Amino acid sequence: MSAAAQDEIDSLRARVAALEQLLEVHERTTVEQAERLEQALRDVEAERARLQELIRNSPAVMAVYHGPEDVITAVNPAWERIVGKAGVVGKPFREAFPEFAESGLFELLEAVRRTGEPYVGTEVRVPLERRDGVVEDTCWNFVWQPLRSADGAVEDILVHAVEVTEQVRARDEVEARSEEMARLARSLARSNRELEQFAYIAAHDLKSPLRGIANLSEWIEEDLAGAMNPTTQRQMELLRGRVHRMEELIDGIREYTRAGSEGADAEEVDTADLVGELGRILVLPDESALEVSADLPTLRTHRSALRQVFFHLLDNARKHGSPAEGGVRIRVEARREGSLWEFRIEDNGPGIPPQYRAKAWTIFQTLRRRDHFEGAGIGLPLVRKIVEQHGGSVGIETAPEGGTIVRFTWAARTR
Amino acid sequence: MIERMTNILLVEDDEVDVMNVRRAFLKNNIVNPLWEAGDGVEGLQMLRGSEIPRERRLVLLDLNMPRMNGIEFLTELRADPDLAPTPVVVLTTSDDERDRVDAYQLNVAGYILKPLTFGSFVEAMARLDRYWSLVEMP
């Protein structure tokens with residue numbers, strides 16, 4: 001063998017060895033690749049299973065519409081439960097939902113398929129025939145998501161839909177009801193205004209003949225001075241007493257109907273100052289008659305309304321307080337109760353027996369004979385009306401010493 | 001000081017209210033001549049006629065009256081060049097904000113709510129008399 005041939009053989013051997021090595025590497029790589037592929041396939045399978053699980057358990061209605069005819073190829077259990085329509089799988093969308101003909105949904109679905117753009121519908125109202133022969137008005141939030149095949153064409157459309165019929169109906173009902181409430185409130189405000197106007201005019205017109213009677217009786221008495229005997233004198237007194245009472249009733253009606261109609265702004269009101277000022281106006285017998293506890297608060301509220309409340313309660317306490325044994329004594333206290341303040345006005349009068357307490361809050365009710373006692377039965381009803389208008393409540397209790405405690409609550413801050 | 005008589009025209013439809021004024025004048029020894037008109041129409045007639053002296057005229061005016069009420073009377077009075085300067089005091093039971101504003105728009109010299117008792121009415125008339133005896137008139 002020539003040296004050249006030997007060289008050739010060596011070179012060939014070397015190449016075979018290299019090829020063998022290459023082959024081995026290649027084999028190893030191929031196995032690894034196959035293993036990786038298998039793993040990927042298993043991952044995809046698991047993913048698909050999870051997805052199917054998700055679709056099966058989803059509370060939302062899901063389905064797939066396939067091909068140019070939008071054939072329903074798959075639906076989830078929620079579909080069967082909510083949409084009904086047993087046996088639609090395999091039917092084209094248009095055939096499965098003939099009741100959608102007028103709704104514009106067919107055209108929308110076509111557009112999704114043509115453009116490849118998803119469609120998101122919110123509270124879309126459609127008639128739906130879940131069972132044969134029963135068409136209901138239903139509402140849906142839904143997405144039509146086009147799924148493209150490898151070549152980019154839209155093959156399937158995935159549907160994800162949530163029925164919101166009940167929610168929309170409930171909301172519509174709430175809206176309708178609140179509209180109705182607003183209408184009622186407006187009509188109530190109007191009739192309140194009319195009532196106020198009526199009371200104002202009636203009060204004015206009732207008062208002028210009354211003033212005439214008062215004047216005439218006074219003049220008759222004056223002109224007959226000397227000719228009157230004690231009986232006629234007493235009758236004249238009674239006559240004017242009645243006139244005075246009538247006047248109080250008329251003023252009461254007016255004040256009562258007007259209460260709370262003044263649209264003032266809230267301001268800082270020092271209730272201790274307010275009570276002190278009213279005590280002076282009401283001409284209480286002496287300084288010691290009105291005892292105001294140190295903790296009376298400053299509120300942010302409607303001054304005139306709160307003033308009216310305190311005025312009538314202090315006036316009542318003054319009128320009912322016992323003049324015997326050191327004279328009338330009134331105590332005013334306050335304590336905080338959450339966002340409210342509770343005020344208590346206590347007198348040293350005879351108290352109101354429990355069975356008459358409800359009556360005390362009724363307009364024109366008095367608990368004493370009118371000829372013996374000033375009062376038109378306006379104070380407490382007016383207090384209740386104003387307090388309730390401001391979101392508070394009222395109550396009557398008996399003081400440990402037997403007098404009356406009238407309590408009321410009032411918001412610390414009026415908006 | 002020379003007492004100057006004011007010629008008073010009372011425009012008032014209520015007979016008792018007329019008596020009220022008369023009686024209050026009597027109580028106060030007010031001897032001013034007092035004319036009476038039952039409503040605005042009659043009041044204007046009297047002011048335009050020759051019955052009431054032209055100088056030192058004062059109108060006491062009720063608001064709620066039949067035919068022509070007080071505000072209508074005032075409107076016509078202020079539109080009449082001869083009568084426009086006449087001083088008018090409203091004497092009414094109406095404490096309606098609108099009436100008050102309307103009356104002052106028509107240049108009333110005062111707006112008095114009829115007091116409830118005769119005693120305070122007498123007092124009001126006495127003050128009114130003292131005041132007008134001091135006032136220079138057109």
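Quick note on labels: first sequence line is chain A, next is B, and so on, each numbered from 1. Computation of the quantities below employed the complete heavy-atom set of this structure, encompassing side-chain atoms and omitting hydrogens, waters and symmetry-equivalent molecules. Please read these numbers as outputs of a predicted model, since none were measured by experiment.
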Inset, instruction - Tell me, for B/N64 versus chain A, whether the close heavy atoms (under 4.5 Å) come from the side chain, the backbone, both or neither. - result: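 Contact with chain A: side chain only.
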Inset, instruction - Look up atom NZ in A/K207 and atom OG1 in B/T93, then write down how far apart they are to the nearest 0.5 Å. - result: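 Reported value, rounded in 0.5 Å steps: 9.0 Å.
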Legend entry - Gap between atom CD of A/E218 and atom CZ of B/F121 - 0.5 Å precision: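 Spacing of CZ (B/F121) from CD (A/E218) equals 12.5 Å.
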Legend entry - Members of residues 18-30 of chain B whose heavy atoms come closer than 4.5 Å to chain A: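 Interface residues of residues 18-30 of chain B: B/M19, B/N20, B/R23, B/K27.
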More than 12 heavy atoms of other residues, nucleotides or ligands under 6.0 Å from [atom1] of [X]: yes or no?
X      : atom1 : result
A/E237 : CD    : yes
B/R98  : CZ    : no
B/R127 : CZ    : no
B/Y104 : OH    : yes

